[in-house]
Participant: 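Here it is, the structure in full.
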Amino acid sequence: MRSANMLDPLLEGLRAEGFSATAESAEAEPSAATIDAIAAAYRGKISIVIGLGGGSALDAAKAGAAMVPVEGGVADYLEGIGGLSHLGARLPWIACPSTAGTGSEATTNAVIRGSLPNGSTYKKSLRHSAFIPDAIVLDHDLPALAPREVAVPSALDALSQLLEAASSRKAAPLSDALAFEGIRLLGVRLDAIMSVKADEGTWRDVQYAAMFSGSALSQAGLGLVHGIAGNLGAVRRCPHGLVCGILLPEAFAVTAEALARAAGSGDRQAAIGLSRLARAGRALGAADSAMDEDEASRALIERLRGIARSAGLPRLSALGFTDAEIDSVARASSGRECFVTLGCADAHAVLKACL
Ligand SMILES: [Fe+2]
């Protein structure tokens with residue numbers, strides 16, 4: 001936002017309205033140290049936070065708004081790391097996303113990275129249902145400024161989140177309404193994003209799809225793509241959306257195979273999961289109503305592979321990942337809320353196919 005010369009007009013506008021306004025930058029994927037420094041600098045001195053930027057900036061704003069009013073460091077409150085529960089007290093905050101992807105403007109969590117005393121690194125969530133912002137500003141001109149190498153992975157992160165929420169065992173009517181509509185919007189608009197022919201209507205729809213993905217995932221949870229992506233991101237700094245885009249087709253191929261196998265053995269839950277993938281395939285425009293559920297879920301996977309080819313994403317090895325790292329990432333990964341249990345072997349199959 002600084003480099004795009006968008007920050008100064010915002011600050012000047014706020015000051016002209018009588019606010020005392022200042023700005024902080026956060027690095028890609030904010031660290032616990034950054035959040036602690038921001039919270040310490042502003043504790044008792046500010047009354048509202050505005051998050052302007054991509055998912056990392058919004059996560060930093062969300063975590064800052066949550067940490068200014070409380071004692072201790074953010075790591076004390078992170079899931080799986082700290083021993084304290086955040087009670088949800090926070091400063092008012094407004095989210096203004098500049099990319100269309102993570103849906104952080106509609107989620108209950110902020111992803112924070114850091115390292116433990118033993119040197120191992122983590123990416124963990126600071127989470128509370130009260131962390132959803134007080135207001136969301138969707139300016140359709142902002143994502144149009146992002147270069148294709150940012151816009152495409154961001155949209156694929158949103159697509160991953162929508163598909164994972166749509167095929168989650170925790171899905172419910174409200175999350176379904178958001179997830180399937182978001183999938184439909186991306187099915188219509190992804191080609192324009194890929195070809196850099198997106199007009200204002202395209203960006204509007206993709207921004208809504210991204211926001212729906214954040215809300216849907218907060219309600220229904222996620223699946224195998226994000227059950228692996230966070231662990232890859234903890235090992236090597238690489239853009240979250242890019243990792244999700246790389247994993248997306250193979251993770252859903254492995255998920256669909258596992259669901260079909262279990263459904264074929266009489267697992268009724270797996271049959272529900274498979275029917276949800278088929279419905280997602282129809283929503284995306286990859287399958288039609290004449291196809292049965294096996295055909296529609298296979299058509300979904302083929303469409304995802306086609307999207308990945310069009311996106312021209314690198315392989316994980318090009319991001320520096322090694323066989324040894326893949327093995328350790330697989331051991332830490334899971335299918336999260338998938339209708340069948342997916343574990344190390346499934347994650348390993350996905351990772352090998354993407355390496
Ligand atoms: Fe994501």
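Counting starts at 1 for both ligands and their atoms, following the listed order. Along the sequence shown, residues carry numbers from 1.
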Participant: What residues, two or more places apart in sequence or in another chain, satisfy salt bridge (Lys or Arg N to Asp or Glu O under 4.0 Å) together with E12?
Facilitator: none

Participant: Any side-chain to backbone donor/acceptor pair from S328 onto E325? Under 3.5 Å, distance only.
Facilitator: yes

Participant: For the side chain of Q207 and the backbone of D139, is there at least one donor-acceptor N/O pair under 3.5 Å apart?
Facilitator: yes

Participant: Residues two or more places apart in sequence or in another chain: which of them pass ring-ring contact (aromatic ring centres under 6.0 Å, His included) with H86?
Facilitator: Y77, F131

Participant: Can you tell whether the side chains of R336 and E164 come within less than 4.0 Å, N to carboxylate O?
Facilitator: no

Participant: Going by side-chain heavy atoms closer than 4.5 Å, which hydrophobic residues are tied to V111, directly or by a chain of links?
Facilitator: none

Participant: What protein N/O/S atoms lie closer than 2.8 Å to the Fe ion (ligand 1)?
Facilitator: D157 OD1, Q161 OE1, H226 NE2, H240 NE2

